[in-house]
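The structure appears below as C-alpha cells.
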Amino acid sequence: MWALHTPHNFQSSSASTHFRFPTRTSSRQPICSLTLNPSNPTKTDANYNQLIQSLCKQGSLKRALQVLPHEPDPTQHTYELLILSCSRLNSLSDGLDVHRHLADAGFDQDPFLATKLINMYSELDSIDNARKVFDRTHKRTIYVWNALFRALTLAGYGQEVLDLYHQMNQIGIPSDRFTYTYVLKACVASESLVSLIHKGKEIHAHILRHGYDALVHIMTTLVDMYARFGCVSYAGCVFDSMPVRNVVSWSAMIACYAKNGRPFEALELFREMILETHDSIPNSVTMVSVLQACAALAALEQGKLIHGYILRRGLDSILPVISALVTMYARCGKLELGQLVFDQMEKRDVVSWNSLISSYGIHGFGKRAIQIFKEMVSHGVSPSHVSFVSVLGACSHAGLVEEGKMLFASMVKEHGIYPSVEHYACMVDLLGRANQLDEAARIIEEMRIEPGQKVWGSLLGSCRIHCNVELAERASRRLFELEPMNAGNYVLLADIYAEANMWDEVKRVKKLLDARGLQKIQGRSWIEAKRKIYSFTSVDEPNPQMEQLHALLVRLSTEMKERGYMPQTKAVLYDLEPEEKERIVLGHSEKLAVAFGLINTSRGETIRITKNLRLCEDCHSVTKFISKFADREILVRDVNRFHHFKDGICSCGDYW
DNA sequence: ATAGGGTTAG
C-alpha cells in the first residue's frame with residue numbers, strides 16, 4: 001500500500017484520503033480515490049493520467065511523480081507534461097527519473113518525446129544527456145535534429161553543430177527554416193579560435209538558393225551573425241535586402257552598429273526607425289542598444305533625449321534598460337546621474353550592480369567600487385564573473401594592488417567562480433600598471449588556461465607605460481601570432497622602442513605594419529556642444545575654427561612653458577628634431593578639442609571630451625595646466641577611463 | 001497529428 005500527502009493547493013477536506021480536482025465549478029466530487037489498489041486496475045485508473053497531467057499543470061511535479069508508477073499506461077501527453085515540468089522546476093534529477101520511466105515504457109523511440117527530452121536537458125544544462133537522447137533515437141525527424149542543434153548552440157558547441165549539419169546534409173535530410181536559424185547561430189557560438197565566417201557565408205548561400213531569403217526570422221539571424229563577426233557592411237546589405245522588417249530586425253541592425261564601434265550609424269538608424277516605420281515601434285531591447293550608442297559617443301544631450309523617450313514610452317521599469325541608463329550617464333561623465341537612476345530602482349539584479357561598480361571604476365573611485373561590490377554581496381546578490389571584471393578593473397584604475405589580489409583570491413574560495421582570461425587580463429593590468437611587471441609575467445606563466453590576446457595585450461600595455469623592452473618583445477611575439485592584423489600591437493611596440501631610442505627597431509616594426517597593409521589607428525577626440533558633436537583628428541580637417549584653435553594652442557603653450565611646462569614628445573614615432581616633435585604633439589586631437597571647448601562653451605561649464613585612444617602624456621599634462629589657468633573643469637574620457645581635470649590636478653593622480 | 005526560430009544590460 002502507499003499513501004500520498006494532501007497537496008496544499010488542492011481543496012481538501014479533513015479527509016486527506018481524497019483528491020479533488022480544483023475545477024471552475026468548484027465541484028466537490030472526487031475524481032479518483034487514491035486508496036484504491038493501483039496494481040489492480042479498475043475503471044478509475046484511467047484518471048491517473050489526468051491526475052498526473054493536472055498535477056504537472058499546477059507545478060506539483062513531486063506529486064505527479066509519486067502517482068506516475070501507478071499509471072499502467074501513461075500517454076505521450078502525460079510524459080510531455082512531466083518533461084516540461086522538469087524544465088520549469090529546473091530539476092535534473094526528476095528529469096532523469098521521468099526519462100527512465102519513459103524508457104521503461106518504450107516511449108524513448110518516440111521522436112516527439114525525444115525532441116522534448118533534448119529541449120529539457122538543454123534547459124537543465126545537461127548537454128551530454130541531450131546528446132545521448134539524440135544518439136539513441138532511431139527515427140530522427142527534422143525536429144529532433146533541430147532540437148539538438150539548438151541545444152548544442154546554446155551550450156556553445158557551434159563546431160559540433162556544423163559537423164552534425166554536414167552529416168545531415170550527407171544523409172539527404174532537407175533543412176527547414178528552423179534549421180537555418182540554429183546553424184547560423186552555431187557559426188558564432190563556436191569556442192574555437194578560428195573564425196567560422198566562411199561557414200556562415202556558405203549557409204547564407206544555401207538560404208538564398210532555397211528561397212528562404214524573405215523570412216524575417218532567418219534574415220534577422222543573418223544580420224546578427226554578420227554583426228557578431230564584425231562584418232558591419234554585410235549585415236547592412238542583408239538588412240537592406242529584407243522585404244519585410246520588424247522591431248527585431250531593426251534592433252539587430254542598431255545593435256550591430258552600437259557594438260561595432262559605429263554609434264553614429266546606430267543613432268541614425270534609430271531615427272530612421274522612428275520616422276519611417278509605423279509597424280516597428282522600438283522596444284526595450286532597441287533602447288538598450290541606443291543607450292549604448294549614446295554612451296560610446298559620450299553624447300549626454302542625446303542620451304537625455306533618449307531617456308525622455310524611454311519615460312514617455314513607459315520602458316523605464318525594465319531592468320536592462322535601467323542598467324543601460326546607469327552606464328550611459330556614467331560613461332557620459334555624469335556619474336552622479338547614474339547613481340541617481342540606480343538609487344531609484346525598485347528591483348536590482350546583478351547586472352544593475354555591475355553597471356554601478358564599473359561606473360565608479362572608470363571614474364577612478366576604486367575604493368567606492370569595492371564598497372559597492374561588498375554591499376551587493378551583503379544584499380544577497382551573488383557576484384557574476386562580470387562583477388569581478390568590473391571590480392578588478394576598478395582596482396586597476398585606482399592602483400589598489402593589494403585589494404585586487406584579495407578579491408581575485410576570493411573568486412574561487414568564496415564565490416566558486418573560476419577566473420577566465422578576462423580576469424587574468426585584469427590582474428596583469430593591475431600588476432603591470434603598478435610596475436610589478438615580473439609578477440604580472442609570473443601570473444601569465446601560472447595560468448591554467450590559454451592566455452590569449454587579452455592577457456598578452458594587457459602585459460604589452462603595461463610594458464608601454466613602464467618602458468620594459470624585453471617583456472614587450474615577448475608579449476608582442478605572441479600577439480603578432482594571435483592577432484597579426486591588430487595594428488595597435490605594432491604601434492605599442494614601436495612606442496616602446498621609440499622611448500628607448502631604439503630607432504632601428506622602430507623602423508623594423510613600422511615595416512612590419514606596412515607589409516601587412518595596416519595603419520596606425522588615428523587618434524580622434526570629440527566634444528558635444530550645442531547638441532552637436534564635433535570631432536577632431538590631428539590631421540587638418542576642414543573646420544572653420546582650425547586656425548583659431550592652433551593659434552590658441554601655440555599661445556597657451558608659450559605661457560605654459562614659462563611656468564615650467566616641458567613638452568613630452570615620446571608619443572612621436574619619428575626620429576625628428578625636438579621642435580618638430582613638439583609641433584606634432586601640440587596638434588593632437590585632444591588638445592584641439594580642449595581649445596574648441598574653451599572657445600565654444602561658457603565659463604563655469606565643464607568641458608567634456610572623449611578620445612578613442614589612451615591619453616598621451618603630453619596631452620595629460622597640458623590639460624592639467626589649462627584646467628588651472630583657464631580655471632575650467634575638463635572631463636576627458638579616454639579609451640579606458642575618465643580623467644577629471646581641475647585646478648591643475650587630474651583625478652587619476654597621474655596613474656592611468 | 002503534435003513541437004520550435006531572430007534583437008537586449010556589465
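Below, chain A is the first sequence line, B the second, and so on; all start at residue 1.
- Between A:Tyr180 and A:His206, the ring planes lie tilted relative to each other; the angle falls in the 30° to 60° range.
- When only modelled atom types and interatomic distance are considered, A:Asn49 and A:Thr78 share a side-chain donor-acceptor pair under 3.5 Å.
- Residue-level contact check: A:Thr286 touches neither bases nor backbone, having no heavy atom under 4.0 Å from any strand.
- Among the heavy atoms of the strands lying under 4.0 Å from A:Thr115 is at least one base atom, whether or not backbone atoms are also near.
- Residue contacts for A:Val216: at a heavy-atom cut-off of 4.0 Å it reaches a base atom on one of the strands shown.
- Contacts of residues 287-306 of chain A with DNA chain B (heavy atom under 4.0 Å): A:Val288, A:Gln292.
- To the nearest angstrom, C1' of B:dG10 lies 12 Å from CZ of A:Phe342.
- Here the nucleotide nearest the side chain of A:Gln76, chosen from B:dT2, B:dT7, B:dA9, is B:dT2.
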- request: Check the pair A:Phe270 / A:Tyr309 against ring-ring contact (aromatic ring centres under 6.0 Å, His included), numbers first and verdict last.
  value: CA-CA 12 Å; A:Phe270 174 64; A:Tyr309 176 82; 5.8 Å; yes
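- With 3.5 Å as the limit, one finds a donor-acceptor pair spanning the side chains of A:Asp349 and A:Ser352.
- The residue A:Ser352 sits apart from the nucleic acid: no heavy atom pair falls under 4.0 Å.
- Taking the six-membered ring where the residue is Trp, A:Phe149 and A:Tyr165 present perpendicular rings, their angle passing 60° and hence far from 30°.
- We find that CG of A:Asn354 is positioned 13 Å from P of B:dA9, with the value rounded to whole Å.
- The stacking criteria are not both satisfied for A:Phe112 over the base of B:dA3, which would need a centre-to-centre distance under 5.5 angstrom and an angle between ring planes under 30 degrees.
- A tilted orientation is assigned to the rings of A:Tyr226 and A:Tyr234, their planes being inclined by 30° to 60°.
- For A:Thr220 and B:dG6, a side-chain-to-base donor-acceptor distance below 3.5 Å is present, hydrogens and geometry of angles not being considered.
- When heavy atoms are screened at a 4.0 angstrom cut-off, A:Arg228 is found touching the sugar-phosphate backbone but no base atom.
- Atoms CD1 (A:Ile203) and P (B:dG5) sit 19 Å apart, rounded to a whole Å.
- Residue contacts shown for A:Ile254 are absent, as no nucleic acid heavy atom lies under 4.0 Å away.
- A:Asp349 comes within 4.0 angstrom of a base, heavy atoms only.
- Separating the CZ atom of A:Phe270 from the P atom of B:dT7 is a distance of 20 Å, rounded to the nearest angstrom.
- A cation-pi geometry, defined here as NZ or CZ lying under 6.0 Å from the six-membered ring centre and within 45° of its normal, does not hold between A:Arg641 and A:Trp656.
- Nearest to the side chain of A:Pro320, among B:dT8, B:dA3, B:dG6, sits B:dT8.
- Looking at heavy-atom distances under 4.0 Å, A:Asp176 makes contact with a base.
- Atom pair A:Asn640:CG and B:dG10:C1' shows a separation of 16 Å (rounding to whole Å applied).
- Qualifying side chain to side chain donor-acceptor pair (under 3.5 Å) partners for A:Gln302, counting only residues two or more places apart in sequence or in other chains: none.
- Candidate nucleotides B:dG6, B:dG10, B:dG5 were compared by shortest atom distance to the side chain of A:Val350, and B:dG10 ranks first.
- Between A:Arg348 and B:dG10, a side-chain N or O to OP1/OP2 separation shorter than 4.0 Å is absent.
- In this structure, A:Met376 atom CE and B:dA9 atom P are separated by 18 Å, rounded to whole Å.
- Lacking a ring centre under 5.5 Å from that of the base six-membered ring together with a plane angle below 30°, A:His217 does not count as stacked on B:dG6.
- Distance from the side chain of A:Lys259 is smallest to B:dA9 among B:dT7, B:dA9, B:dG10.
- Across B:dA9, B:dG5, B:dT7, the shortest atom-to-atom separation from the side chain of A:Val351 is found for B:dA9.
- Counting to the nearest Å, the P atom of B:dG6 and the CG atom of A:Asp213 are 20 Å from each other.
- The phosphate of B:dT7 has OP1 or OP2 within less than 4.0 Å of a side-chain N or O from A:Lys185.
- Classified by interplanar angle (parallel below 30°, tilted 30° to 60°, perpendicular above 60°), the ring pair A:Phe408/A:Tyr424 is perpendicular.
- Checked against B:dG10, B:dG6, B:dG5, the side chain of A:Tyr182 finds its nearest nucleotide in B:dG5.
- Taking atom CD1 of A:Ile318 as the reference point, atom C1' of B:dT7 lies 14 Å away to the nearest angstrom.
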